[in-house]
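Presented below is the structure to which this report refers.
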2 protein chains.
Amino acid sequence: MSKMDLSWDSYRTFLTVLQEGSLSAAARELGLTQPTVGRHVDAMEATLGYPLFVRSPHGLLPTDAALALKPYADTLAATSAALLREASSQRDTVSGAVRISASEVIGIEVLPPILAELHAAYPALTIELSASDTVEDLLRQEADIAVRMVAPAQDALIARHVGAVPISFHAHRRYIERRGMPETLADLARHSLIGYDRETSAIRAIIARSPELPSVPFAFKADSNLAQLAAIRAGFGIGICQNGLAARDPDIVPVLPGLFEMKLETWLVMHENLKTAPRCRVTFDALAKGLRDYIRGIAPAVAGSHDPAQAAQAIV
Amino acid sequence: MSKMDLSWDSYRTFLTVLQEGSLSAAARELGLTQPTVGRHVDAMEATLGYPLFVRSPHGLLPTDAALALKPYADTLAATSAALLREASSQRDTVSGAVRISASEVIGIEVLPPILAELHAAYPALTIELSASDTVEDLLRQEADIAVRMVAPAQDALIARHVGAVPISFHAHRRYIERRGMPETLADLARHSLIGYDRETSAIRAIIARSPELPSVPFAFKADSNLAQLAAIRAGFGIGICQNGLAARDPDIVPVLPGLFEMKLETWLVMHENLKTAPRCRVTFDALAKGLRDYIRGIAPAVAGSHDPAQAAQAIV
DNA sequence: TCTTGCTCATGCATTTCAGTATATCTACTC
DNA sequence: GAGTAGATATACTGAAATGCATGAGCAAGA
């Protein structure tokens with residue numbers, strides 16, 4: 001077993017079997033047949049000298065050894081996808097696919113109009129938007145460009161600071177008419193609050209930086225910031241959301257303006273290798289401009305509140 | 001060209017052709033034949049829709065498009081190699097290959113005895129030592145474990161500080177007998193100095209931190225720290241080297257001890273994913289102990305010199 | 001000028017690999 | 001208890017990819 005000679009294709013089928021859980025499903029996914037996929041797995045096990053899966057009539061259950069190899073197979077898949085993205089964008093033309101990673105709220109509420117305008121300007125450009133609150137690794141090529149609320153510490157990344165997104169309490173006008181408008185932070189105790197479900201490290205950081213916040217139990221708990229936003233819009237109660245999003249709906253009114261506000265520093269991040277790729281350069285610039293406009297457009301609405309609540313390296 | 005379906009194997013042959021420069025050489029490297037390799041490249045070009053190489057009787061010259069894809073192919077190769085390394089190290093047994101990245105001096109002068117002892121304890125363990133002053137990327141899996149003189153900033157890396165390696169001026173006894181022992185830093189101007197060739201950013205940082213150093217032209221210039229060490233040992237002149245290395249040879253004597261010394265903070269770095277891999281854990285611990293011993297063993301020799309010349313984030 | 005050594009390109013035989021069809025096993029539903 | 005739908009494993013057949021042999025082009029050196 002000195003000179004291993006495994007086909008790189010076997011890694012792909014291995015990963016697919018791992019993801020799908022059965023030879024048949026993997027075969028469907030790969031456009032192959034079940035015997036072929038089985039043979040690939042057999043060959044890989046024969047080469048390595050130990051089993052990767054335990055067969056059962058319900059599918060293939062990965063062994064610990066197989067799970068240990070999964071991260072490598074994942075990066076292989078991400079890298080080959082990135083290679084294809086780069087390859088399908090021809091020289092000097094803005095075409096091909098750009099994969100963008102952003103939080104759910106940003107990806108769903110903020111980016112679409114920006115991307116629509118970009119696509120109108122470059123019809124050959126395809127957008128892959130990964131709207132998820134899990135941080136994707138740019139170094140592993142899981143995305144080409146990312147919108148981040150945390151300062152990018154890694155080398156080999158190009159980062160551009162696009163401003164700070166202010167967030168503060170908001171509620172629907174109907175709710176305020178029904179329950180009254182709180183005047184102080186302490187008044188919040190008598191209201192229906194919308195907040196997080198599980199306490200993440202990012203949230204703990206926010207709490208630590210904002211001792212003025214009363215600790216009131218939430219009436220609506222959701223980890224998804226989108227769900228919190230939807231609850232605010234539905235008039236469920238008072239929650240925190242980006243001022244810029246609230247300003248779009250005249251029925252959403254700020255609550256305790258000036259008494260509590262935080263700013264989420266926002267960065268646009270891209271891998272250094274991609275700075276010469278036209279499709280990425282163009283998208284990067286369009287996102288930077290669009291996000292700056294978004295932040296600037298809402299800045300006047302909250303002008304006058306200069307509280308030093310610093311940038312929370314956090315959610316949203 | 002919507003649904004690209006390129007075999008991952010074609011990436012491997014593509015990369016090999018890129019590295020070797022010809023279909024024939026790539027075929028030899030891969031254990032295939034030249035027509036097969038040519039067909040792989042043809043298929044890749046047909047799928048992408050544009051040429052990757054210009055054919056000539058002397059070999060294949062990559063186009064710009066091909067060069068743009070090379071980093072991705074490199075990552076694929078590094079990752080699949082890492083996967084194989086992980087795969088060939090069985091469960092719960094210390095076996096398989098560990099790839100270690102270190103500077104030339106550390107890798108050649110310091111590590112071998114440590115690794116020899118490690119291998120004696122675990123004969124099934126294979127060592128791949130990459131002794132190079134170019135920084136290899138642990139996140140890209142170019143190595144499993146690295147000895148670094150710079151603080152590791154990246155996430156997802158496990159780092160252990162193993163101490164500070166003191167470096168200072170040294171010379172061979174023969175040289176001192178011939179040219180005399182300098183008493184002050186200014187005396188260095190009358191001596192044959194051994195130093196760097198090109199001024200890197202790391203070296204500039206050292207110079208900035210050590211204003212007491214006179215700017216004297218070097219009589220022997222080499223970017224390789226190994227070559228500088230060899231020049232010191234050959235009695236060429238006075239140069240900077242690690243005190244621990246100098247202490248091994250009674251003919252190498254310290255020059256201006258206490259007047260100039262720097263400490264290179266040293267870290268052992270490993271990817272987080274590998275902390276459960278027995279072969280890596282064992283190697284990591286052995287390196288940590290070995291390097292600590294190396295540093296400790298030379299500490300008494302220079303005891304008493306407590307000048308605050310801080311850690312230079314630099315070479316050696 | 002002719003040889004040598006390197007390259008890539010092409011036609012043809014073969015081997016290898018993938019697909020089809022089928023058997024078998026298990027869980028779940030009626 | 002029979003039937004259905006999911007899974008893997010195994011023979012057999014056919015296509016596709018590989019290897020072999022050969023031809024042709026170019027550069028260096030005798």
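Atoms considered below: every heavy atom in the structure, side chains included; atoms not considered: hydrogens, waters and symmetry mates. Lettering follows sequence order; numbering is per chain, from 1.
Residues satisfying the salt bridge (charged side-chain N to carboxylate O under 4.0 Å, His left out) criterion with A/Arg99, sequence neighbours excluded, are A/Glu128. Here A/Pro62 pairs with A/Leu18, A/Phe53, A/Ala66, A/Leu67 under the side-chain contact (heavy atoms from CB on, under 4.5 Å) rule; sequence neighbours left out. Legend: residues meeting side-chain contact (heavy atoms from CB on, under 4.5 Å) with A/Ser224, ordered by chain and number and at least two apart, are A/Glu104, A/Leu226, A/Ala227. Residues meeting the side chain to side chain donor-acceptor pair (under 3.5 Å) test with A/Lys221, sequence neighbours left out: none. Residues passing the ring pair (Phe, Tyr, Trp, His ring centres under 6.0 Å) test with A/Phe220, sequence neighbours excluded: A/Phe236. Under the rule for a ring pair (Phe, Tyr, Trp, His ring centres under 6.0 Å), the partners of A/Tyr196 that lie at least two apart in sequence or sit in another chain are A/Phe218.
Chain B approaches DNA chain D over the interval D/dT18 to D/dA27, counting the first and last nucleotide 5' to 3' with an atom under 4.0 Å from its heavy atoms.
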>> Please encode protein proximity along nucleotides 4-10 of chain C as a string of B, S and -, counting only heavy-atom distances under 4.0 Å.
In response: ---SBBB
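When side chains are defined from C-beta on, A/Leu48 counts as touching A/Leu69, because their heavy atoms get closer than 4.5 Å.
A sub-4.0 Å separation between OP1 or OP2 of C/dG19 and a side-chain N or O of A/Thr33 is present.
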Donor-acceptor contacts, no H, no angles, side chain residues 19-35 of chain B, under 3.5 Å, sequence neighbours left out:
| from | atom 1 | to | atom 2 | distance (Å) |
| --- | --- | --- | --- | --- |
| B/Ser22 | OG | B/Ala25 | N | 3.0 |
| B/Thr33 | OG1 | B/Thr36 | OG1 | 2.9 |

